[in-house]
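What follows is a short report on a single structure.
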Amino acid sequence: LGMLQKANLRVKPSEGISCGFWNLYTDAALYQSLGEEGYILEINNEGIFLKAATKSGLFYGIQTLRQILPAALENATAATNRIQLPQLYIKDIPRYSWRGTMVDISRSFFDLEYLKDHVDRMALYKMNRLHLHLTDDQGWRIEIKSKPELTNLGSRGAVEGGRSGYLTQEEYMELQTYAAARNVIIIPEIDMPGHIYSALLAYPELSCDDLSNIEPKMATPPQLFSGTKVGWSKLCLTKPEIYDFVADVIEEMAAITTGPWIHIGGDEIEDDLYEEFVVKADSLVRSTGKITIGWEEVTKAPVNSSLISQQWHGEVESVVDVKVIESICTSFYFDHANIPGQEKTNNWCKKSGVTLEEVYNFQSENNNVLGLEAPVWTEFVHTDEDLDNRFWPRIIAVAELAWSEDTTKNYTDFISRLKKHEERLINMGINYFPAEELGWKENTNK
Ligand code: NAG
């Protein structure tokens with residue numbers, strides 16, 4: 001029961017669910033077959049039994065139990081009477097180890113409180129990686145103690161209509177601890193060498209050109225950038241001192257990051273020295289003991305084979321054989337509209353938007369897939385409500401694809417199961433998008 005409470009289920013023992021007992025077996029073969037995250041959940045006349053090799057496995061068994069319990073329990077004030085549970089036996093092991101989402105907190109800021117809620121919700125659906133796009137042209141959102149101007153100045157802006165702000169290192173670490181307790185690892189992204197105007201504004205010596213002359217024409221004196229144009233800013237790759245900056249930032253991020261990965265961005269930039277930059281940034285990351293992740297462009301460079309490439313177009317001819325995370329924009333860019341529905345949007349990758357069914361129908365063509373990750377870029381997604389209805393319910397399709405083998409894949413069946421989650425999502429305060437085939441009510445509870 002303690003674990004149920006830990007799993008965020010708000011039940012009071014005195015008002016009582018009575019479960020059997022938690023039983024951790026010591027059978028080595030069984031443990032091995034369950035791997036890092038698998039579990040067995042059995043409910044029979046004797047009680048509720050959960051077996052797993054790891055804490056993560058136990059956590060996921062509890063999340064499944066949580067989904068079997070009445071949705072009313074997600075609401076702290078709900079009364080709990082006796083609950084009858086079905087008898088069942090579930091052996092459940094994930095397909096992929098990477099089941100992620102990305103939140104762009106640069107274009108519009110999302111604070112610690114929202115990010116904690118987001119982690120809770122991800123955990124219920126057994127998602128385990130939260131990638132934070134911490135920096136971009138419009139705003140620098142993480143405190144770097146050795147470079148105070150990044151947040152003093154660089155965090156003040158946002159895209160037009162978006163929110164500014166930043167996470168202190170303490171907040172970042174608090175989120176990380178909170179997430180770790182829910183088996184979610186945070187991946188920090190510092191986007192380099194492009195998408196970096198907020199840092200250039202804070203430290204103009206990192207730029208080749210006078211900031212008032214770079215495109216899109218900045219005012220004199222240069223100001224924060226609140227537009228949506230991409231691919232125009234960059235670190236001056238001919239200046240050796242940019243590497244001191246890059247090293248300082250990577251080292252500070254590595255020191256406060258408990259997960260094994262640092263994301264260096266690397267998207268949307270043309271520069272003769274780009275490949276050299278990527279190789280150096282990758283080796284700086286590795287020298288801190290972390291593993292580098294980059295957007296797929298980084299595989300144009302002869303990087304170390306430990307690097308992980310995040311596919312978004314799936315078009316770059318890679319010169320290295322590396323593992324990939326699938327974030328292909330036609331299926332997983334959730335800043336793209338749910339159809340019919342969102343107006344304020346930039347459907348550059350897929351004009352018609354990305355439907356729930358299209359997410360579910362994704363098939364990977366890569367052999368070397370670590371898993372799936374759905375990003376939400378926030379040029380047009382400014383508030384908590386907006387972000388909720390970009391993620392939900394499409395994120396549940398990602399969760400299912402990343403957890404279950406293709407052999408059980410069936411959209412009609414998925415929809416009939418997903419329909420039953422309406423009340424649970426409402427009770428969790430999620431401002432979902434009511435996709436037509438679900439028949440869910442409009443949800444304006446936030
Ligand atoms: C791309 C940019 C991103 C932007 C997004 C909008 C990547 C890797 N880069 O242009 O900064 O916000 O698309 O969908 O996606």
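Atoms considered below: every heavy atom in the structure, side chains included; atoms not considered: hydrogens, waters and symmetry mates. In what follows, residues are counted from 1 in the order of the sequence shown. Indexing begins at 1, ligand by ligand and atom by atom, following the structure's order.
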Can you name the atoms of ligand 1, numbered from 1 with element, that are less than 4.0 Å from a heavy atom of [X]?
{"X": "H195", "value": "11 (O)"}
{"X": "W295", "value": "8 (C)"}
{"X": "E268", "value": "1 (C), 2 (C), 9 (N), 10 (O)"}

* E37 and salt bridge (charged side-chain N to carboxylate O under 4.0 Å, His left out): which partner among R99, R95, K126? ->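 The residue from R99, R95, K126 that satisfies salt bridge (charged side-chain N to carboxylate O under 4.0 Å, His left out) with E37 turns out to be R99.
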* Any pair with a residue in residues 132-151 that passes salt bridge (charged side-chain N to carboxylate O under 4.0 Å, His left out), sequence neighbours left out, goes on the list, sorted by first then second residue, please. => R107-D136, E143-K145, K145-E170, K147-D248
Among all protein heavy atoms in this structure, tell me which lies nearest to [atom], with the distance rounded to 0.1 Å.
{"atom": "atom 4 (C) of ligand 1", "result": "E379 OE2, 3.4 Å"}
{"atom": "atom 6 (C) of ligand 1", "result": "W348 NE1, 3.3 Å"}
{"atom": "atom 15 (O) of ligand 1", "result": "Y333 OH, 2.5 Å"}

* To do: Return yes if a side-chain donor-acceptor contact under 3.5 Å exists between E296 and W312, otherwise no.
  =>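 There is no such pair between these side chains.
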* Asked: Looking at E275 and A301, what are the two nearest heavy atoms and their distance?
  -> O-CB, 3.7 Å
* Structure fact -> Result for side-chain contact (heavy atoms from CB on, under 4.5 Å) between W140 and one of L201, T151, L134 points to T151
* Ionic contact status for K409 with E400, cut-off 4.0 Å -> no
* Presence of salt bridge, R390 and D386, under 4.0 angstrom ->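 Salt bridge: no.
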* Polar atom proximity, R107 to ligand 1 (N or O, under 3.5 Å) ->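 Yes.
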* To do: Quick one: look at D335 and ligand 1, take heavy-atom pairs under 4.0 Å, and tell me if it's side chain, backbone, both or neither.
  => side chain
* To which of V376, D267, D191 does the heavy atom nearest atom 8 (C) of ligand 1 belong? -> D267
